[in-house]
Amino acid sequence: MLMPSPICVHLQCPFTSPLLGNPIRFKSNFRINHSKTQRASYAPNLPEKNDIVSNQKENNGLPIKENLDERTTKLGRRSLVDKIKALPSKEKTEIITSPELNGDLGTILEFNDMLWALLTAQEPDLALKLFDEMSSCGLVPDSWTFSIVIRCYCENKNLGEAERVLGYMLENGFRPNFSAVTVLLNSLSKKGKLQRAFGVLDIMDKIGLKPTVQTYNCLLKGLCYVGRVEEAFEMLVRMKKEAIVEPDIFSYTAVMDGYCKVGRSDEAVELLNEALEMGLAPDVFTFNTLFNGFCIEGRPLEGVKILKLMKEKDCKPDYISYSTLLHGLLKWRKTKTALRIYNEMLGIGLNVDKKMVNSLVRGLCTRSCKGRKEDLFEDAYLVFEKLKSDDDSVIDPSTYDLVIQALCMEKKTDEASVNLRKMIQMGFSPRMVTFNGVIQALCVEGKVIEALFVLASLNEGGRVPSRVCYSILIDELNRHGSTLGACYMYGAALKRGLIPSSKPQQ
DNA sequence: CTAGGGTTAG
């Protein structure tokens with residue numbers, strides 16, 4: 001039996017891409033098996049337009065319902081995707097090389113399904129590899145094939161290649177589908193390749209794919225991303241005024257975010273009001289964008305006002321809302337408000353990031369020490385105790401330091417020394433001021449022996465006590481009439497090369 | 001149209 005030898009169809013085009021001005025060049029060879037495709041004539045290098053058209057007609061003309069097996073139904077496709085996902089990565093590669101695994105890819109419909117399934121299963125590389133090996137299945141790519149390939153390249157971040165395929169399609173009478181073009185436009189926008197994204201928009205216009213509001217929103221995002229906020233705003237205005245598409249809340253959020261990112265949150269709020277006037281319902285994304293803006297700008301309290309507005313508009317703040325605000329409040333030292341937000345988060349069962357809780361504790365300690373505000377310290381200690389009792393407790397050494405110092409300041413000496421010990425147990429090295437504070441506090445309460453123990457723990461840790469440390473102890477020993485002890489301390493200091501400011505009493 | 005848009009940060 002004589003089999004016709006496969007013809008190699010090199011998809012290399014002599015023309016230039018309308019997109020790039022570069023020659024199109026595909027690596028793949030499409031070998032057409034005549035026994036299967038029954039196609040009569042091919043140009044030596046390219047599929048001809050007529051063939052392409054007939055190929056498509058053939059597919060579209062099929063009485064689809066009867067001819068589709070379970071794989072070509074929506075559910076069947078989905079299960080193919082799931083199957084691919086479930087495969088170990090080794091076998092994933094095999095699916096495109098072994099016919100037993102990939103089943104019969106005899107028709108272009110089935111082939112495209114497999115391509116699509118690989119793309120959907122986040123395996124664009126495999127899909128492209130399969131596309132490369134179309135020849136062995138004896139198939140010619142159609143519009144669907146190319147559309148999927150474009151999306152594969154977008155997924156791969158190989159946008160230049162995606163544009164090249166699109167250019168090839170246009171030159172050869174293939175009609176890219178909406179999704180491929182949209183994905184490409186979006187990918188380009190996301191990367192800030194605005195000129196090329198607008199190029200795709202032009203193409204959509206030329207081939208009669210009507211951009212939707214989503215399409216424009218991608219461009220708005222892209223413009224903002226590269227800092228062209230003003231242009232984004234103008235585009236938003238044009239969308240509305242010239243009734244190109246009706247802007248939705250995504251459009252507004254995109255431009256608002258643009259303003260927020262460059263420190264123009266007030267203008268973002270103006271846009272919010274405009275959206276509200278238009279009857280659009282701002283959602284959690286819209287508000288979160290504003291929180292972020294005000295926090296970046298150093299106006300977190302404005303953000304808290306927006307939180308109130310958000311609730312009035314029946315929009316439920318989420319973890320990001322609170323985290324953004326809390327972070328901003330802590331950063332800009334709005335400690336009391338931060339505490340309020342923290343408690344509100346706990347109240348609705350949100351888990352607060354441990355770093356922020358640490359920061360809150362430190363903020364409260366610092367403020368209570370500076371302002372001698374006892375109630376603030378109580379708050380700090382409550383937050384600290386809760387932090388310690390959490391299962392996934394993470395305590396920063398600097399938090400420990402500040403809590404201990406604040407405890408000393410508040411004359412909670414025993415607790416201070418307990419926490420100091422715990423801190424050392426945990427392998428942290430307390431700051432010298434912390435040691436000094438505890439020693440001082442103990443001395444003030446007349447607990448000299450304990451103070452000496454603290455000094456000892458300092459030595460055990462291989463640390464050199466500071467001059468202040470000795471001075472405090474000498475003063476205290478003097479006060480107790482223990483000249484001997486004071487002399488001993490003085491000597492110990494001198495031995496370390498430190499000259500205490502206090503001397504033993506004569 | 002087998003698809004497609006967004007928000008935090010240390």
Side-chain angles (χ1 to χ4, degrees), chain A residues 59-60 64 68 71-78 80-81 109-110 112-120 142-145 147-148 150-151 154-155 175-187 189-190 197 200 204 207-222 224-225 232 245 247-258 260-261 265 268 272 275 282-296 300 303 306 310 315 317-331 341 345 350 352-360 394 396:
Chain A
N59 293 338
N60 294 339
I64 303 241
L68 294 187
R71 241 182 54 191
T72 37
T73 61
K74 210 171 193 177
L75 257 175
R77 272 192 216 106
R78 202 57 242 182
L80 183 55
V81 173
L109 273 182
E110 286 162 334
N112 286 344
D113 278 347
M114 177 59 83
L115 218 53
W116 179 84
L118 285 166
L119 169 67
T120 312
D142 65 5
S143 290
W144 247 108
T145 320
S147 294
I148 298 167
I150 289 176
R151 288 178 51 199
C154 288
E155 194 82 14
R175 185 180 167 78
N177 64 28
F178 196 89
S179 103
V181 180
T182 310
V183 169
L184 177 55
L185 185 142
N186 190 15
S187 304
S189 302
K190 261 192 196 143
V200 175
M204 290 182 81
I207 63 178
L209 288 173
K210 202 170 169 352
T212 64
V213 64
Q214 282 108 318
T215 316
Y216 283 99
N217 290 346
C218 291
L219 293 167
L220 288 176
K221 270 233 97 221
C224 292
Y225 176 72
V245 285
D248 59 12
I249 194 60
F250 286 79
S251 324
Y252 276 92
T253 305
V255 182
M256 285 169 65
D257 191 44
C260 285
K261 292 266 157 68
S265 303
L272 173 72
D283 59 16
V284 64
F285 289 88
T286 318
F287 286 109
N288 288 352
T289 285
L290 284 172
F291 297 143
N292 186 233
F294 280 121
C295 289
I296 290 173
I306 297 289
M310 181 181 190
C315 186
D318 65 0
Y319 177 73
I320 292 181
S321 320
Y322 281 108
S323 295
T324 308
L325 271 176
L326 184 56
H327 186 264
L329 289 163
L330 290 167
K331 182 174 173 190
I341 296 297
M345 288 181 81
L350 289 175
V352 188
D353 181 274
K354 293 290 176 284
K355 277 191 178 151
M356 289 204 263
V357 184
N358 272 276
S359 168
L360 176 61
V394 181
D396 195 275

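Convention: sequence-line order gives letters A, B, ...; per-chain numbering from 1.
- Between A/N288 and B/dT8, a side-chain N or O to OP1/OP2 separation shorter than 4.0 Å is absent.
- Between B/dT2 and A/N177, no contact under 4.0 Å exists linking OP1 or OP2 to a side-chain N or O.
- Looking at the side chain of A/H327, the nearest of the listed nucleotides B/dA9, B/dT8, B/dG6 is B/dA9.
- Taking the 5.5 Å centre cut-off and the 30° plane limit, the aromatic side chain of A/W144 is classed as stacked on B/dT2.
- Looking at residues two or more places apart in sequence or on another chain, you find a side chain to side chain donor-acceptor pair (under 3.5 Å) between A/Q214 and A/T212.
- The salt bridge (charged side-chain N to carboxylate O under 4.0 Å, His left out) search around A/K355 returns none, not counting sequence neighbours.
- Minimum atom distance to the side chain of A/F285 is reached by B/dG6, of the listed B/dG6, B/dC1, B/dT8.
- For A/D283 and B/dG6, a side-chain-to-base donor-acceptor distance below 3.5 Å is present, hydrogens and geometry of angles not being considered.
- Side-chain contact of A/N292 with A/T289: a donor-acceptor pair under 3.5 Å is absent, judged by distance alone.
- A/L209 pairs by the side-chain contact (heavy atoms from CB on, under 4.5 Å) definition with A/R175, A/F178, A/V181, A/M204, A/I207, not counting sequence neighbours.
- The stretch residues 353-360 of chain A has no heavy atom under 4.0 Å from DNA chain B, so no residue of it qualifies as close.
- For A/S189, the side chain to side chain donor-acceptor pair (under 3.5 Å) test picks out no residue, with sequence neighbours left out.
- Shown here are the side-chain contact (heavy atoms from CB on, under 4.5 Å) partners of A/V183, two or more places apart in sequence or in another chain: A/R151, A/C154, A/S187.
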